[in-house]
Amino acid sequence: MTAQTDTSGSVTTVYKVTGMSCGHCEGSVSGEISRIPGVSSVKAVASTGEVTVVSAAPLDDEAVRAAVDEAGFELAGQA
């Protein structure tokens, strides 16, 4: 698990998502995760399968899993 709190109080967490292969995949995953309350930034990278999420507080893993599932991909865990 990679979760870090910075000086502004936001939390950055890196997740591993399987199945992303293109920019459309990145957009789908980013769009769904960005709907989770408290999320301020999402960056998905298909080539690495990493999704970096900045939020006001640590996120519930099940909420992230549900968002990734809704986008059509699988959350493999935190990087």
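Side chains included, hydrogens not; waters and symmetry mates left out as well; all remaining heavy atoms used. For this chain, numbers begin at 1 and follow the sequence in order.
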Task: Audit row: Gln78, Asp61, side-chain contact (heavy atoms from CB on, under 4.5 Å) steps and yes/no - done: CA-CA 9 Å; Gln78 294 184 6; Asp61 285 343; 2.9 Å; yes
Task: Side-chain heavy-atom pair Lys43, Val53 within 4.5 angstrom cut-off - done: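 Lys43 does not reach Val53 side chain to side chain.
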Open item on the list: Could you tell me if the side chain of Val64 sits less than 4.5 Å from the side chain of Ile36, heavy atoms only?
Closed with: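 They are in side-chain contact.
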Task: Nearest-0.5 Å distance that lies between atom CZ in Phe73 and atom CZ in Arg65 - done: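 Here the rounded value is 15.5 Å.
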TODO: Drop me the distance from Ile33's CD1 to Tyr15's OH, to the nearest 0.5 angstrom.
DONE: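 Those atoms lie 7.5 Å apart.
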I'd like to know if the side chain of [X] and the backbone of [Y] have a donor-acceptor N/O pair within less than 3.5 Å.
X     : Y     : result
Glu26 : Ala46 : yes
Ser40 : Val54 : yes
Lys16 : Val51 : no

Task: side-chain contact (heavy atoms from CB on, under 4.5 Å) assessment of Leu75 paired with Asp69 - done: CA-CA 7 Å; Leu75 181 65; Asp69 286 348; 5.7 Å; no
Open item on the list: Show the nearest heavy-atom pair for residues Ala71 and Ser28, with the distance to one decimal.
Closed with: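 Reported closest heavy-atom pair: CB-O, 3.7 Å.
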Open item on the list: Quick check on side chain to side chain contact (heavy atoms under 4.5 Å, CB included): which of Glu70, Met20, His24 does Val29 satisfy it with?
Closed with: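 Exactly one candidate clears the test, Met20.
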